[in-house]
Amino acid sequence: MINVTLPDGSIKQYDESITGYDIAMSISPRLAKEVLSISVNDEVWDLSRVISSDSSIKLHKWDDEEGKNAFWHSSAHIMAEAIEAIYPGTKFGIGPTIDNGFYYDVDLPEGKVITEKDLVRLEQKMLELARQKNDIVRSEISKADAIQLFQDKNDEYKLELINDLEDGTITLYNQGDFTDLCRGPHLPNTGAVKAIKLLSVAGAYWRGDEKNKMLTRIYGVTFPKAKLLQEYLVLLEEAKKRDHRKIGKEMVLFTFSQDVGLGLPLWMPKGAQLREQLELFLKKVQKNFGYEQVITPHIGNVQLYKTSGHYEKYGKDSFQVIKTPQEGEEYLLKPMNCPHHCEIYKARPRSYKDLPIRYAEFGTVYRYEQSGELHGLTRVRGFTQDDAHLFCTPDQLKEEFKKVIDIIFIIFKALDFKDFTAQISLRDPKNTEKYIGSDENWDKAEAAIIEASAEKGLKTVTELGEAAFYGPKLDFMIKDAVGRNWQLGTIQVDYNLPERFDLEYTGADNQKHRPVMIHRAPFGSMERFVAVLIEHTAGKFPLWLTPEQVVILSISEKFNDYAQKVSNILNISDIRTVVDDRNEKIGRKIRDNELKRIPYLLIVGEQEVESNSVSVRQQGQGDKGTMTIDEFARFIKKEVESQLEAIHINQKSN
RNA sequence: GCUGAUGUAGCUCAGGGGUAGAGCACUUCCUUGGUAAGGAAGAGGUCAUGGGUUCAAAUCCCAUCAUCAGCUCCA
């Protein structure tokens with residue numbers, strides 16, 4: 001008998017030939033029906049694998065990452081089996097799971113191609129295979145036998161993979177007529193896969209290296225219930241409707257021009273208005289937190305970037321040097337603001353009493369991105385960072401870090417990002433050479449980030465080896481209204497630049513000390529943030545932010561003067577209005593303006609003129625009754641204020 | 001940058017070796033209205049750009065540019 005510890009701490013005794021599936025069955029048949037994989041001593045296993053010694057276990061269902069992974073991994077194998085059945089002689093690369101499904105890279109026989117049209121046929125074959133409820137069987141195999149097997153199949157990709165594996169760790173999985181090299185884990189049989197959607201076909205280089213052959217990558221997603229697939233497809237459709245490039249065009253927020261250049265967004269009046277509101281908002285918050293605005297030029301002498309080390313690291317992959325016609329001076333378009341801010345710090349002697357110093361700038365930077373990387377506003381070549389650099393003593397680091405986290409919380413609250421996590425990126429402890437700075441400083445900085453995050457109650461994941469070469473960082477990931485993850489704000493600790501720029505302050509001991517620097521950009525960039533915001537809100541921005549808050553619709557042209565008067569009165573109270581005085585019926589005006597996503601529609605006609613009032617309609621909510629103009633102005637201002645309540649949190653302490 | 005697909009009116013798209021199409025938007029006129037599309041007329045395109053094939057090219061071929069998807073990359 002063996003002892004099996006369940007997640008709640010209880011211990012059950014089983015035979016030594018027990019499997020994960022048997023354990024689930026012993027708890028309840030219903031659980032056994034839903035369970036997909038099992039963690040045995042923190043290692044994820046197949047449910048059908050025999051557990052022969054004392055273990056602590058956790059059963060995984062669809063809702064767990066581990067459960068989904070097994071499900072999709074097995075689905076990738078089913079897809080491979082279907083491909084092999086339809087296109088015999090196909091060679092297989094890798095077929096992993098991804099965030100939302102799985103893919104398989106395949107090398108089709110000479111002359112064969114798979115296009116989007118072929119996917120339906122492939123789906124049907126997969127369903128057929130799934131319904132056969134074939135057992136998925138794990139077997140361990142020696143390296144020599146594995147090589148033999150895939151030599152017989154003439155699959156050079158698998159052979160290459162096996163080559164990198166150690167003898168004794170190689171496993172195969174088989175279902176039906178298909179055998180694959182695979183670490184697992186997998187479902188007990190193919191029957192759990194009930195709904196299948198193959199999403200797209202794309203090219204992908206073997207092992208991501210463009211020198212290698214391009215394989216065909218097929219993306220798919222599967223579900224244990226047909227209903228889940230339907231929901232997923234609706235979500236995909238919704239995501240498509242929210243594409244910021246589409247909405248940006250519809251709402252006339254920004255555009256691109258071939259003549260201006262790739263990846264260089266042009267902000268149109270309404271987009272500029274939106275950006276300005278965001279900037280004003282952040283400036284106010286930052287002022288409360290003791291930041292000072294600075295302004296620096298868009299270019300800097302090459303020497304500046306040689307000092308910072310960026311020239312050496314990125315010089316070749318940047319926009320190239322700008323030369324003066326006469327003196328032959330060399331400048332670079334600034335790819336980041338930090339060196340400029342360091343020079344501001346350096347311009348005067350600093351005392352420990354001055355610290356922390358916090359310089360903020362909406363700094364526009366230019367980075368060369370490969371043409372294929374450019375994407376709407378999320379990936380551009382010229383963008384404006386909501387940048388700031390904090391210079392502090394090592395002892396102040398944690399406190400400053402916490403305050404930056406507070407700012408990010410305020411932003412997320414004002415913009416209704418409820419679901420977010422953070423990633424702590426630390427250095428790889430096994431490979432400390434590629435990082436600069438002393439071990440002592442790294443330890444201190446990493447501890448500061450970890451403690452600050454914990455004290456702020458932040459949900460975090462920690463990634464080793466993901467730190468920048470100059471310091472550890474904290475990145476925020478938000479989940480948008482349709483469940484997609486976006487990386488937004490970032491906070492980074494930097495020991496490199498203070499060193500390279502020889503930044504100093506005089507301590508209480510009258511000695512020179514090196515300050516620590518924090519880079520932080522809560523939005524990341526204005527461009528990217530606006531893009532995320534558009535997709536999160538589907539263009540229905542919160543009232544405080546939206547470029548056009550109120551539209552006034554006249555019933556007929558006779559009331560255009562009154563409409564204009566209402567607009568003027570609201571403008572005095574800083575309410576952003578537009579007037580729709582077109583020669584159209586009211587129904588038409590309502591429809592058009594509802595579609596323009598303006599939060600409030602005011603209808604004015606004879607009755608309103610007589611009582612000096614407006615008839616209020618809220619976007620998407622219909623008629624809200626009548627108010628006087630003053631009442632409406634107060635109502636709007638109150639709503640804006642309540643949305644911006646968090647702005648007033650005053651953290652100034654210096 | 002690489003692979004593939006796409007490029008027709010401001011927008012969304014149809015068509016396709018022989019005078020360039022629709023809906024919406026736009027302009028003008030009629031209508032002056034009460035909570036999601038009133039009516040009529042009009043204007044608008046070197047069919048991405050450059051070459052080639054052809055009696056004839058928006059259509060076929062080649063190249064270039066851009067867009068989209070994926071790969072790689074992101075201080």
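What's counted below: heavy atoms across the whole structure, side chains too, no hydrogens, waters or symmetry copies.
The 5' end of RNA chain B is approached more closely, in terms of each residue's nearest nucleotide, by A:Lys249 than by the other of A:Phe469 and A:Lys249. Two residues, A:Gly372 and A:Gly376, neighbour RNA chain B, and the one matched to the more 5' nucleotide by heavy-atom proximity is A:Gly372.
OP1 or OP2 of B:C71 sits under 4.0 Å from a side-chain N or O of A:Tyr219. An OP1 or OP2 oxygen of B:A69 is reached within less than 4.0 angstrom by a side-chain nitrogen or oxygen of A:His375. Distances shown here put a side-chain N or O of A:Arg245 below 4.0 Å from the OP1 or OP2 atom of B:C68. Distances shown here put a side-chain N or O of A:Ser371 below 4.0 Å from the OP1 or OP2 atom of B:G1.
A side-chain donor from one of A:Thr384 and A:Arg275 sits under 3.5 Å from a side-chain acceptor of the other. For the residue pair A:Asn593 / A:Asp580, a side-chain donor-acceptor distance below 3.5 Å is found, with atom types taken as modelled.
Around CG of A:Asp259, the count of heavy atoms belonging to other residues, nucleotides or ligands within 6.0 Å does not exceed 12.
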Trace of the side chain to side chain donor-acceptor pair (under 3.5 Å) decision for A:Lys589 with A:Ser554: CA-CA 9 Å; A:Lys589 292 191 186 185; A:Ser554 52; 3.1 Å; yes

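Distance, A:Leu553 CG to B:A37 P: 14 Å, rounded to whole Å. The NE2-C1' distance, from A:His244 to B:C68, rounds to 13 Å in whole Å. For the pair A:Glu466 CD and B:C74 P, the interatomic distance rounds to 11 Å; values are reported in whole Å. To the nearest angstrom, C1' of B:A69 lies 15 Å from OH of A:Tyr103. Per the geometry, CD belonging to A:Gln385 stands 12 Å off C1' belonging to B:C74, to the nearest Å. Atom P of nucleotide B:A75 and atom CE of A:Met517 are separated by 16 Å, given to the nearest angstrom. Between A:Leu119 atom CG and B:G70 atom C1' the separation is 14 Å, expressed in whole Å. Atom-to-atom, NZ of A:Lys316 to P of B:A75 comes out at 16 Å; the value is rounded to the nearest Å.
B:C47 and B:A9 have their P atoms separated by 10 Å, with the value rounded to a whole Å. One P atom belongs to B:U46, the other to B:U54, and the distance between them is 28 Å to the nearest Å. Taking the P atom of each, B:A5 and B:A36 are spaced 47 Å apart, rounded to whole Å. Going from the P atom of B:G44 to that of B:G38 covers 26 Å, rounded to whole Å. A distance of about 24 Å separates the P atoms of B:U12 and B:G50, rounded to the whole Å. Nucleotides B:C24 and B:C61 are separated by 36 Å at their C1' atoms, to the nearest Å. Comparing the C1' positions of B:G23 and B:A14 gives a spacing of 11 Å, expressed to the nearest Å. Between B:C60 and B:C74, the distance separating the two P atoms is 40 Å to the nearest Å.
Looking at A:Arg588 and A:Asp592, a side-chain N of the basic residue comes within less than 4.0 Å of a carboxylate O on the acidic one, giving a salt bridge. Between A:Glu238 and A:Lys241 there is a salt bridge, since at least one side-chain N of the basic residue sits less than 4.0 Å from a carboxylate O of the acidic one. Salt-bridge annotation for A:Asp502 and A:Arg514: present, with a side-chain N of the basic residue lying under 4.0 Å from a carboxylate O of the acidic one. Ion pair A:Arg358/A:Glu400 flagged as a salt bridge, since at least one NZ, NE, NH1 or NH2 atom sits closer than 4.0 Å to an Asp/Glu carboxylate oxygen. Checked for salt-bridge contact, A:Asp105 and A:Arg217 meet the test: a charged N lies under 4.0 Å from a carboxylate O.
In this structure, of B:A75, B:C73, B:G1, it is B:G1 that holds the atom nearest to the side chain of A:Gln370.
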Dot-bracket notation for RNA chain B, counting Watson-Crick and G-U pairs under 3.5 Å, with | for partners on another strand: (((((((..((((....[..)))).(((((.......))))).....(((((..]....))))))))))))....

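Rounding to the nearest 0.5 Å places OH of A:Tyr104 at 8.5 Å from CD1 of A:Ile94. We find the CG-CD1 distance between A:Asp480 and A:Ile534 to be 12.5 Å, quoted to the nearest 0.5 Å.
For the segment residues 333-345 of chain A, residues with any heavy atom less than 4.0 angstrom from an atom of RNA chain B are, sorted by number, A:Pro335, A:Met336.
A:Ser318 comes within contact range of at least one nucleobase, with a heavy-atom separation under 4.0 Å. Within 4.0 Å (heavy atoms only), A:Leu262 reaches sugar-phosphate atoms of the nucleic acid but no base atom.
In terms of polar N and O atoms assigned as donor or acceptor, the side chain of A:Arg217 never comes within less than 3.5 Å of the base of B:C71 in a complementary pairing.
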Summary of protein contacts for nucleotides 29-36 of chain B, nucleotide by nucleotide, where a base hit scores B, a sugar-phosphate-only hit scores S (4.0 Å, heavy atoms): -BBBBBBB

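Partner A:Glu369 forms a side chain to side chain donor-acceptor pair (under 3.5 Å) with one of A:Arg381, A:His375, A:Arg379 and no other, that one being A:Arg379. A ring pair (Phe, Tyr, Trp, His ring centres under 6.0 Å) with A:Tyr435 is found for exactly one of A:Phe469, A:Tyr470, A:Tyr495, A:Trp442, namely A:Trp442.
Ring planes of A:His244 and A:Phe254: tilted class, angle from 30 to 60°.
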